Amino acid sequence: MQKYEKDGVLSLEDLKLPSKEQLDKGVAIIECVQEIPCNPCVDSCPVKAVSMKDINAVPVVDFDKCIGCGKCIGICPGLAIFVVKTKDDKALISLPYEFLPEPIVGQKVKSLDREGKIVGDAEVKKVVKNGKTMIVTIEVEKDLAMIIRNIRVEL
Amino acid sequence: MRVNGIPNVRTCIAPLKEGIHVEIQHKLASLPDAKFENIAKQTIDVDVLVVGAGPAGLCASIEAAKQGAKVLLVDENLFIGGQLVKQTHKFFGSKAEKAGTRGIEIAKELDDEIKKFEKKGNIILMLNSTVIGYYEGDGEKHKLGLIKRIDYNSQLFEINCKTVIFACGAMENMLLFPGNDLPGVYGAGAVQTLMNVYGVKPGNKVIMVGAGNVGLIVSYQLLQAGIMVDRVVEAAPIIGGYHVHAAKLRRCGVPIMTSHSIKEAYGDGKVEGVIVVKLDEKWQPINGSEEKVDCDTVCLAVGLTPATRLLSQIGVEMRTVPEAGGYVALHDDSMKTTVNGVYVAGDSSGIEEASTAMIEGKIAGISAALSVGYDKKAKTLIKQYQKVLEKLREGPFGDKPRDAKNKIAKFLEENYAKI
């Protein structure tokens, strides 16, 4: 039994991680580790960087091919895709968000980890609407690139 | 039993009166001609009757109509879509199964298709209507009774059809615990109806029971509606639903406690809290692990049972298949039951989910149309959809429905061997 099957939280060991150079370029991190019959991420990729052996396989990202465009973020029914891009001592994280109020560019929001614990503050850099799913890009400290996976907009 | 000439009477609850005439009813009853609520009975003749306008029934109707059959689609609700209209999350699967599209949007797309066929005259849609029973048919045709509710009156219809597809969905399971009758204890489907269909908050602080996909998805929808979900408790040692759904909840700060359940709900006239208890490996409560949790709502997402009573009344061969969620109609891979012209699709044929229900519906619709002589590459299409089903059930989450369908196929084989 995997730990995430018990508590619903992935650890970094469960994921295939990009190199420093790949992170600097900006790549999609797909946090989808179970074999479920689903593949829209594969179809959404404009550079064919996401592949799957068959519809039940786990998606694999070719970090060299991935251009970090984020098209897959809004299509994933599991809201399991994030794009992470590092620059100097900061990291930009693009994440799917489906709550009100809508975050606003420039706003300070709380940054949360995979357990929903508040880690610190983040600044909203970009908000793109993909149907009713927003794709929110926030800036955090570089060492939090693989930690922060959610935001909370405080009223 | 027949009482004073009226068929299908439950004599165990019929009042005993002087001169009452009680007979054993040896066969199916004929549908009486008497006026019902003072409106004369109407008759409708179609090729295919589809009972239930959820994902399976909608797809069955559309495919049967595409083949050229004349279809009557019936649902007891005021609108079509079944559970789809409550599904505000995006569907899984592949492009062909509308992956990435929210259930409510899929319902709209299917509604548009139904309307097109309504205009052409291939589909008759009857909402606010309930199929009440199966009666003795004329010749090869099946005869079913239907009540259409019109304002506060009802009208009786006699439906004569060459084939009938039951896509009646499922009923939610209840859980036994003291206080489960307190106001504030809901099924997850009821919570979704209140919240997503009627825009009513079911409560302010919820304990979710069950970490299957339904429990996880409804918890997330509660959060989106601005309602606090205190925790999800799950009796099994692992989360039954997809990890991605669990992860969505966890990163919002909702704990998921596996090997935990609720011992009781308490409160004065309504739910004021529950006692959560930890379970051992044998799923037995561990003494001393009780924790009191304040809440005003308990939401139960502890599985579904196929709705099969009409199938049972018709007399199709049924078996209990735990993996299918209970008592189900035996059916082959064209969704045909053991009675000629009677088909089943979706949760009624075994509990699964909406994507596979839609495909089963398509197969049932084409099979039914084909059986009465409509054939626009019907066999090729059926084979194609059977392959898609097989693919979708290939992964580890397909184990249970695959086992269910295999058992049903085996029972069916045994049944035919007996004859």
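Values in this document were obtained by computation on a predicted structure and should not be read as measured data.
The contact between B:Leu223 and chain A is made by backbone and side chain atoms together, counting heavy-atom distances below 4.5 Å. Both the backbone and the side chain of A:Thr133 come within contact range of chain B, judged by heavy atoms closer than 4.5 Å. With a 4.5 angstrom heavy-atom cutoff, A:Lys117 does not touch chain B via any of its atoms. Only the side chain of B:Lys248 comes within less than 4.5 Å of a heavy atom in chain A; its backbone stays farther off. Looking at B:Ser259, the atoms closer than 4.5 Å to chain A (heavy atoms on both sides) all sit in the side chain, from C-beta outward. Neither the backbone nor the side chain of B:His89 comes within contact range of chain A; no heavy atoms are under 4.5 Å apart. Heavy atoms closer than 4.5 Å to chain A are found in both the backbone and the side chain of B:Tyr242.
The two residues A:Val9 and B:Arg250 come nearest to each other via the heavy atoms CG2-NH1, 3.4 Å. Considering all non-hydrogen atoms of both residues, A:Pro40 and B:Gly100 come closest at CG-N, 4.5 Å. The minimum heavy-atom distance linking A:Ile36 with B:Val244 is given by the pair CD1-CG2, 4.3 Å. Closest approach of A:Asn56 to B:Glu394, counting heavy atoms only: ND2-CB, 3.4 Å.
Salt bridge present: B:Arg102 and A:Glu98 bring a charged side-chain N and a carboxylate O closer than 4.0 Å.
Side-chain atoms of B:Thr88 and A:Lys132 include no donor-acceptor pair closer than 3.5 Å.
Put simply, the side chain of B:His243 reaches to within 4.5 Å of the side chain of A:Val33, judged on heavy atoms.
Under the side chain to side chain contact (heavy atoms under 4.5 Å, CB included) rule, B:Arg251 has a single partner from A:Leu79, A:Leu95, A:Asp113, which is A:Leu79.
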Next item on the list: Give the intermediate values and the outcome of side chain to side chain contact (heavy atoms under 4.5 Å, CB included) for residues A:Glu5 and B:Ile239.
Entry: CA-CA 6 Å; A:Glu5 291 180 287; B:Ile239 295 168; 5.8 Å; no

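Atom CD of A:Gln34 and atom NE2 of B:His245 lie 10.5 Å apart (nearest 0.5 Å). The line from CD1 of A:Ile55 to CG of B:Leu392 is 5.5 Å long, rounded to the nearest 0.5 Å.
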